[in-house]
Amino acid sequence: MILKNLITVRAALNGRKHFANVIQRTSLSTISNRQQLDLLKLDYNGITDSVHDQLASIVGSENVSSSTAILEQHSHDESYHSPVLPDTVVFPGSTDEVSAVLRICNEQRLPVVPWGTGTGLEGGAIPSLGGVVMDLGKRMTTIRSINESDFDATVEPGVSRMRLNDELRATGLWFPMDPGADASVCGMAATSASGTNAVRYQTMKHNVLSLEVVLANGSILRTGGRSRKTSAGFDLTGLFVGSEGCLGAITAATIRLHPQPERAVAAFSAFPSIRNAVDAATAIMQCAIPVAKIEFMDEDMVDAVNRFSDLENSIKPTLFIEFHGSEVSTDDDLSRTADIVSEFGGADFTFAKDVEERSRLWKARHSALYACKTLRSGPNIRYIMTDVCVPISRLSECLTRTKEDILECGLPGPIVGHVGDGNFHVILLVDRSNSDEMDIATGVIDRMCHLAISMEGTCTGEHGIGIGKQKFLVHQLGASTVDAMRNLKSTFDPNHIMNPGKIFSFT
Amino acid sequence: MAGSMKVLVGCKRVIDYAVKIRVRPDKMGVVTDGVKHSMNPFDEIAVEEAIRLREKKIAGELIAVSCGPKECGETLRTALAMGFDRGIHVEINDRQLYETLTPLHIAKIFAKLVEKEKPGLVILGKQAIDGDCNQTGQMLAGLLKWPQASFTSKLSIDGDWAHITREVDGGLENIKVALPAVVTADLRLNEPRYATLPNIMKAKKKPVDKVDPEQLGVDLSPRIHIIKVEDPPVREAGVKVDNVDELIDRLKNEAGVI
């Protein structure tokens with residue numbers, strides 16, 4: 001291929017050490033995306049011995065690695081996108097080290113991908129153009145501060161959400177954002193993550209008070225303080241939340257904590273149809289009942305969860321709800337919800353007040369992704385998970401039409417959703433060795449995203465754009481908006497070294 | 001109407017389970033200064049169980065006990081924040097003395113407190129995550145000549161009897177034990193609640209009585225002598241050999257195992 005030869009010639013001319021390997025496994029990218037990436041590669045250098053030594057002198061030679069195992073570990077996240085080996089992995093131990101590493105990568109024009117826990121779902125952390133993966137999670141593991149009276153905490157990228165909550169357990173505070181994985185809190189800021197509690201406690205967008213960010217040229221920014229409110233200058237915190245490593249590397253996040261609920265009550269109910277379940281959820285939200293969680297599972301998902309977690313729930317569309325508050329308020333919420341549920345044909349309304357029962361209930365929901373694999377087994381079976389979010393008034397229509405599409409396409413596609421936010425996930429189970437199935441799956445996802453966008457929603461509620469959803473961005477936001485993003489990107493990262501190939505392209 | 005049975009629970013202050021333990025430079029102990037401490041997880045489970053007994057209107061007054069330096073006050077506040085009524089802090093400020101305390105010392109302290117407080121039930125964690133001794137509960141029962149039920153994974157009270165399920169090597173054992181008794185809590189007994197902010201506030205006003213072990217008439221002189229504390233040996237990398245002959249040679253002449 002002409003492009004490949006061009007690359008090889010340039011590599012030889014510049015004395016590069018080696019170039020990125022692209023593992024050929026079944027990929028969902030179109031040919032034009034591949035060409036795009038190849039073209040982009042022409043702007044970057046490989047890692048020479050001299051660069052390698054400079055990196056080693058910053059972080060220590062034991063914290064730079066090109067061993068196969070380490071490269072492979074950092075070649076993929078938890079999405080379905082093809083892994084790509086980086087050229088090297090660096091493990092900085094401090095913000096200053098991050099700054100020095102980025103400065104070198106910027107001078108040398110090396111692609112850099114900041115890495116937290118590698119648990120993303122859209123390929124955001126995959127080093128598509130090779131280069132350097134900067135693993136911030138391994139050594140930067142300090143919880144810098146917990147301010148109990150102010151309800152905030154500052155953490156480095158190696159602190160995961162479960163670890164943070166563990167530290168907080170005796171303080172009466174917690175960090176409610178709970179994406180499925182035990183993700184890095186800073187990583188969650190980078191993807192503007194959410195979770196089952198968003199309906200009450202909102203998403204990372206609303207819970208990050210300030211960030212410490214390192215830009216491509218090595219400058220270290222602190223985007224805010226710890227006050228609840230501020231009107232000081234542009235909101236850079238908001239800019240970096242959800243920037244998926246494309247504007248800078250987050251080296252610390254100050255996040256908002258919330259009081260532990262006095263009492264939590266979980267409830268669930270099965271419904272005769274998806275429409276009934278979703279309409280019930282919409283009604284509950286529109287009555288302003290302050291639910292903490294309101295989750296939907298379609299019958300395929302309930303079936304999977306039953307098998308995986310050894311439960312016996314009726315295999316029907318189901319709502320799982322949780323109420324937080326005082327004894328009096330939760331009882332009130334429970335009874336008002338029970339009324340709405342029965343209005344929409346909900347049956348078997350069950351609730352759990354004690355901790356063990358509630359844990360069991362929610363464990364079932366949290367293991368939904370793994371449970372899906374029980375629906376279709378085989379060595380090549382992979383899940384493709386996607387998420388869209390629409391205004392609540394359009395949710396019922398969006399979900400039912402998507403489900404119809406899935407049933408028609410013939411692939412197993414259980415649905416689980418944070419319906420209180422108008423957000424739902426489809427998990428398609430495909431045989432990745434079968435390109436027809438991959439095409440069918442892509443078709444479903446494309447149609448789903450277009451449908452959501454047509455309803456003034458978004459093609460990604462909480463996972464980010466990463467690799468796979470770039471094609472929807474212009475359609476969703478308009479060319480001038482995406483151009484504005486490109487301009488910002490060029491300002492913060494003129495050499496385009498920060499996670500190139502993600503969110504939007506430059507060709 | 002509340003229950004009337006007084007319950008006494010032991011709460012040991014230990015290094016938090018998530019902390020990476022480091023040996024002190026003097027090799028006589030582990031680093032504790034500036035290190036995060038919290039209530040022994042099995043004691044948290046014991047505390048939770050007592051609170052549930054009160055919610056079921058079986059238990060009445062709940063008393064938490066901790067033995068050690070002044071920081072044990074924080075551990076007691078956690079129990080109070082979870083819902084206990086009163087704390088007893090057996091103050092031991094001499095650090096060297098504290099480091100040589102053994103389950104027998106603690107059991108003797110508890111025996112004296114039991115004589116004074118007359119609880120209908122004592123619940124302890126099955127073991128502490130620092131000492132891992134798994135002896136205090138059993139020794140206390142012996143000193144008091146009370147029935148004991150260790151490794152409890154299920155507890156229910158019926159009048160003057162406690163029905164217990166114990167987790168033992170062979171499986172689960174169901175026994176009936178006459179009250180008053182000593183119960184030690186195992187992992188699956190319950191999932192402890194989180195302290196909420198209002199309860200943490202309330203806990204600050206609850207009483208914590210300080211007790212001098214000498215007043216109790218307990219002799220805390222060391223029964224052990226710490227000789228040395230050191231890290232386990234560093235794990236060495238494996239060695240690859242090229243062929244069987246080399247393997248045999250090295251096993252024979254280097255490792256000395258054949």
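Quantities reported herein were computed from a predicted structural model and do not represent experimental measurements. Chain letters run A, B, ... following the sequence lines, proteins first, then strands; residues in each count from 1.
- The number of heavy-atom neighbours closer than 6.0 Å to CZ of R307(A), taken from other residues, nucleotides and ligands shown, is above 12.
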Practice task
May I have the step-by-step check of side chain to side chain contact (heavy atoms under 4.5 Å, CB included) for T78(B) and R169(A), ending in yes or no?
Solution key: CA-CA 10 Å; T78(B) 307; R169(A) 65 190 194 277; over 6 Å; no

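- At most 12 non-hydrogen atoms from other residues, nucleotides or ligands lie less than 6.0 angstrom from CZ of F351(A).
- Contact record, K36(B) with E167(A): NZ-O, 3.1 Å, taken as the closest heavy-atom pair.
- For N243(B), the CG atom sits in a packed shell: over 12 heavy atoms of surrounding residues, nucleotides or ligands are nearer than 6.0 Å.
- Heavy-atom contacts from other residues, nucleotides or ligands closer than 6.0 Å to CD of E356(A) number more than 12.
- A salt bridge does not link K353(A) with E55(B): every distance from a Lys NZ or Arg NE/NH1/NH2 to an Asp or Glu carboxylate oxygen is 4.0 Å or more.
- Taken from NZ in K20(B) to OG1 in T141(A), the straight-line distance is 10.5 Å, to the nearest 0.5 Å.
- Contacts of R77(B) with chain A are absent, with no heavy-atom separation under 4.5 Å from either backbone or side chain.
- Note: E191(B) CD to R360(A) CZ = 12.5 Å, rounded to the nearest 0.5 Å.
- The CG atom of D166(A) sits 6.5 Å away from the CG atom of D16(B) when rounded to the nearest 0.5 Å.
- For chain A, the nearby part of E44(B) is the side chain; its heavy atoms alone come within less than 4.5 Å.
- The 12-atom threshold is not exceeded at NZ of K154(B), counting heavy atoms of other residues, nucleotides or ligands nearer than 6.0 Å.
- Taking OH from Y194(B) and OG1 from T171(A), the interatomic distance works out to 10.0 Å, rounded to the nearest 0.5 Å.
- Of the atoms belonging to L197(B), heavy atoms from both backbone and side chain fall under 4.5 Å from chain A.
- For CG of N93(B), the number of neighbouring non-hydrogen atoms (other residues, nucleotides, ligands) closer than 6.0 Å is greater than 12.
- Other residues, nucleotides and ligands contribute only 12 or fewer heavy atoms inside 6.0 Å of the OH atom of Y370(A).
- Inspection of non-hydrogen atoms places P259(A), Q260(A), P261(A), E262(A) of residues 258-268 of chain A under 4.5 Å from chain B.
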